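Owing to the predicted nature of the structure, the values given are computational and were not obtained by experimental measurement.
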Amino acid sequence: MPGATSDSAGGGALVPLSPETKRSPVYPLRHSVGPPVSPRVSVCWARGSSLRVSIFQQRSPPGGEGDAGGEVVEVKLNGGDGEISDAQWRRIAYGSMSPFAMLQSRRNSVSTLSRISPSPYHVDWWEFVMEYSKDINALLGGPESTPASVIEDPKTVLKKSEKPASLKAAWELMELFYVDKLSQAWLPERLVDWLADYDSLFSGSCATVHSKLVDFQNELINIQVIEDNPTYWEVIGSALAVGWLEIVVKLLHLHGSYQLDQLSSRETENGLVEAVAVLISKMPRMRLELGDGRLGECYKAKPDFIKAWEKWRSQITKLDCSAYWIQCHHLQTREGLKNLLQIMLGNTNSLSSATCHWLELYVSHFLYVRPFTVGLESMHGLAQKCIQLKPVPRSQKLMGLLLGILGENTEVVLAECSKEFGPWMVAHAIELMTAGSDEAESLLCEEQYDLGELSLQELHRLVYAQVLCSHAFTWQIAPVYLTSCMKQGMGLLEILLCKQPVQHNELLHKNLEICRLYELDDVSSHIMKIAGVHHWKHGRKGAGVFWLQQAQDEVRLHKIAQQLFASVGKSISDESFKQWEGLIELLGSESKTAGGLEFLHK
Amino acid sequence: MEKSLLKLDKGTTCTSWNYSGDRLASGSVDGTLAVFDSRHPASSSFACTSRTKVHEGSIVKIVWVPPGYGDAVACVCEDGTFSLWEELVEDSVPLQWKLCERFKSGSAKVLDVQFGVSPSSLKMVVASSNGYVKVYELMNPMELKNWQLQAEFQNVIDLVSPSSKALCSSASISWNPLRGEGQGSSFILGFSSDSPQLTSSKVWEYDQAHQRWLPVAELALPDDKGDWVYGVAWAPNIGRPYEVIAVATEKGISIWHLSLNVEVDGRLSVEKVASLSGHEGEVWQMEWDMSGMTLATTASDGSVKLWQSNLKGSWQEQATFVTT
């Protein structure tokens, strides 16, 4: 359904606002200034995107309340995400810097090579981006938690794992659709896997198959006759609908008819349970591979798959029509199993009642109704249908992103990334988006007059670099992103470097090192000049002269020489004469750069 | 989201951060200049390191001298005088804030002072209540004592001067935050005045060849020229093909684009690209962030607002902060 785009781009704002809420958000500024507070507040930008606000107490008669006359508070804009701690963010910021820098340098060398001779150096660019994406993905959380069964405890259906981060989920989604060319033919199956990893993230905003399973797992130890329990059959159906076959088979094996003392009396019943379990574990899947311990049978070629799929469905139909059902006297088992067969046969009503939200229904359609869905257009159409059938009361942040991707709307994807995941995500994910399509690349890399001849790609790098600048621990990373912006990054880098304090030597050297690295000689001498004057005026005359010499600031050195000359003429105490003497010696060692100080040797 | 950095002294009327944001100077009603320093660049705890009585009356504004000329501030006082103070170690005297120079402007009151770095020297623009602007030049870059008056003119673009008895209640100056040393110096200036010719914001540029200051642009629409100007702010330009300037008048805040190319008549073409409304009452302060993409403003309604251009070039309010 092309053109069916959601209008959540917020008019393309840097900080996107939803169109309904025309008014910008209002935040309270907490402070401890006693009343009456003056309405006059004063603001100043600190480095990056933090704002400092001075709040004053209104003039009050002596003896008024409070002991302070005001307070200065710092507001960090883009103040991060509740889901990820500040320390974790810094780890991600540091970790993502070198994959990003590596990708930029590869881009430069690829473009150089193709300029020299276009044909023999044909490189599959997406493979580089894939490597970058994998590196970044590794930073966003530990190994994925697949809802796989655990052998040790037969009653542990769902492996307990750390809650995955939606940032990682979003990253993987974008990798899947934009970068991984190998997965293009298997997108539906990849989405099935993705939902298996991240279904728990949706539990916050609506019920999910995952949350149903978690609840059932908690109840499990208290249940005596499991097959009598309607929830048992319900969760099996739900897990089957979303393709968590291992869990389904494991749950089926908990059926009472498997118990040795009952096996003989419930032979037919057990046979039916086992037959369904076998059918489930033989489900044909059109995909490259299945991980260890995963059930189902893989088919890479479509004709083979179709053959197996038809055969599998005919087996299900055959079982469905079998006479054994009459001999199965346990009502819940009979109905439960029959429902599982309906799910496998793709009965839309059964799928709809087994799933909780549209994404689960969507995935169940790929598994049992339309396994041959290809192309974003038909995937988007199916998604729209599923949303109508199973709307969610509150939209979840990943859903908006997925719809933007399926709708092939770069602007919506960008806005969702920015709104839900912040500047880090946008700056890094644009690499994935540009690898995906020429249309996205031209939109993101084209210079726009309204943005001051910046491209969206550079704009978002600048915005991210500013966030980095606002923290003393991360500003050193900012140059990597700034220097990747051909147009305006260097300008911002110069401002950033000129705003670093000079009085701490360690920081000063770090600063000069960055200048040297990016060949910013003017900035370097500007910084050394500031340092020289600062030290000179703060009584560290030697350091002052040293830095002014380094800056080759002839004018200032000349003024210093004049000052010294005037002092030498005066009668001065022994102590200060010693100081002058030392200084003259220092200057003498490099009389050339001392700029007019030679006369002092006379 | 917010974090307290420091507590201000009783009677504090104004504050100003230095270039690197690790020193804060505050002025108070009793004429005391207090300076707060951070212990370490990475720390966000600040402590008062000095208190100096700089004047008998109240300080109303503090402006830092650009780095490269020492740690120094200009203190503008309520009585219309201003003085330059510098942190120095002299001979055997330990570190202290020392008076460099005290400026008086006759009967007129000094309303605003701003420093600009030109390729050759440090310049200081002083706007007074009589509508006159004085541009001073520092003679010795190592000493903040010796200032030479380079020019004195009124903020008018036509040759017809307004009455000499103009009375201005406030002035606002903003230098073009230059990057490269090769660029010429320019600033924008606007007044709140009963004399309509003086009020509108004008861009002044130093003409090196003729050694004089020339008005090169006027940032007001024909109908708005008499509007009182409450604030001007020249955005840093990290590579745009035009300059961006914010002007606050009694009608609200407007954003202007200023062309970099000189037209035949020697003027720069200007375009008003946005009118920002949202503040109730007089705008007091406007500050651009380091990239020149976000504008922070404060007004008599006690709120702080942030403004940004969206991807289509249309300016919008992004957030409001209100003191609780």
Side-chain angles (χ1 to χ4, degrees), chain A residues 11-15 24-31 37 39-47 51-56 59 68-76 79 450-453 462 466 472 487-488 491-492 494-495 499-501 504 507 522 529-530 533 537-539 555-556 559-560 576, chain B residues 1-15 17 19-22 24 29 41-42 44 67-71 88-89 91 95 140-142 179 181 236 238-241 284-285 287 289-291 296 298 300-302 304 308 310-313 316-324:
Chain A
L14 293 182
V15 182
S24 67
V26 177
Y27 303 99
L29 262 181
R30 280 180 296 268
H31 60 85
V37 174
R40 185 176 282 263
V41 292
S42 170
V43 287
C44 181
W45 290 94
R47 270 161 288 166
L51 190 67
R52 288 169 176 177
V53 186
S54 303
I55 298 149
F56 308 104
R59 285 184 199 188
E71 190 176 19
V72 183
V73 295
E74 184 169 75
V75 184
K76 283 235 192 295
D450 286 337
L451 297 175
E453 292 189 354
L462 292 180
Q466 258 190 294
K487 202 82 185 178
Q488 305 192 357
L492 192 54
E494 287 178 20
I495 293 177
K499 278 182 175 288
Q500 298 301 323
H504 306 278
L507 194 58
D522 284 353
K529 188 170 77 185
I530 296 175
V533 173
K537 296 212 171 195
H538 285 78
V555 178
R556 282 182 175 76
K559 293 290 178 193
I560 286 178
S576 55
Chain B
M1 189 156 59
E2 66 276 65
K3 186 170 67 176
S4 174
L5 297 182
L6 57 98
K7 294 273 190 326
L8 295 164
D9 294 348
K10 259 205 172 310
T12 301
T13 51
C14 55
T15 57
W17 287 94
Y19 76 100
S20 59
D22 59 356
L24 176 84
V29 70
S44 57
Y69 295 89
D71 285 47
L88 267 183
V89 171
D91 298 327
L95 193 69
N140 176 353
M142 297 303 286
R179 286 197 299 126
E181 298 257 314
I238 56 172
R240 277 186 305 257
W284 277 332
Q285 198 194 357
E287 288 278 319
D289 71 340
M290 62 190 253
S291 64
T298 70
S300 56
D301 57 11
V304 178
Q308 269 182 347
N310 70 8
L311 302 181
K312 298 185 180 88
Q316 284 165 350
E317 183 183 323
Q318 295 296 329
T320 301
F321 298 91
V322 285
T323 50
T324 49

Checklist entry - Which heavy-atom pair separates A/Ser24 from B/Thr320 by the least distance, and what is that distance? => result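 Scanning both residues, the minimum pair turns out to be OG-OG1, 3.8 Å.
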[X] versus [Y]: any side-chain heavy-atom pair under 4.5 Å?
X        : Y        : value
A/Arg556 : B/Tyr69  : yes
A/Lys537 : B/Asp71  : no
A/Val41  : B/Trp284 : no
B/Ser291 : A/Leu462 : no
B/Asp289 : A/Gln466 : yes

Next on the checklist: Does any backbone or side-chain atom of B/Thr15 lie under 4.5 Å from a heavy atom of chain A? Answer side chain, backbone, both or neither.
Outcome noted: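 When you check distances to chain A, atoms from both the backbone and side chain of B/Thr15 fall under 4.5 Å.
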Item to check | Side chain / backbone / both / neither for B/Leu95 at chain A, heavy atoms under 4.5 Å | outcome: side chain
Under 3.5 Å, is there a donor-acceptor pair between the side chain of [X] and the main chain of [Y]?
X        : Y        : value
B/Glu2   : A/Val75  : no
B/Arg240 : A/Gln488 : no
A/Arg47  : B/Gly21  : no

Checklist entry - Are A/Phe56 and B/Leu8 close enough, and set up right, to give a side-chain contact (heavy atoms from CB on, under 4.5 Å), and what steps lead you there? => result CA-CA 8 Å; A/Phe56 308 104; B/Leu8 295 164; 3.8 Å; yes
Out of curiosity, [X] [atom1] to [Y] [atom2], how far, rounded to the nearest 0.5 Å?
X        : Y        : atom1 : atom2 : answer
B/Ser20  : A/Lys499 : OG    : NZ    : 8.5 Å
B/Leu24  : A/Cys44  : CG    : SG    : 8.5 Å
A/Ser54  : B/Trp17  : OG    : CH2   : 7.5 Å
B/Met290 : A/Glu494 : CE    : CD    : 11.5 Å
B/Thr323 : A/Ile55  : OG1   : CD1   : 6.5 Å
B/Lys3   : A/Lys76  : NZ    : NZ    : 5.5 Å

Checklist entry - Where on A/Gln500 is there a heavy atom nearer than 4.5 Å to chain B: the side chain, the backbone, both, or neither? => result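 When you check distances to chain B, only backbone atoms of A/Gln500 fall under 4.5 Å.
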Next on the checklist: Run B/Val322 and A/Tyr27 through side-chain contact (heavy atoms from CB on, under 4.5 Å) and show every step you take.
Outcome noted: CA-CA 6 Å; B/Val322 285; A/Tyr27 303 99; over 6 Å; no
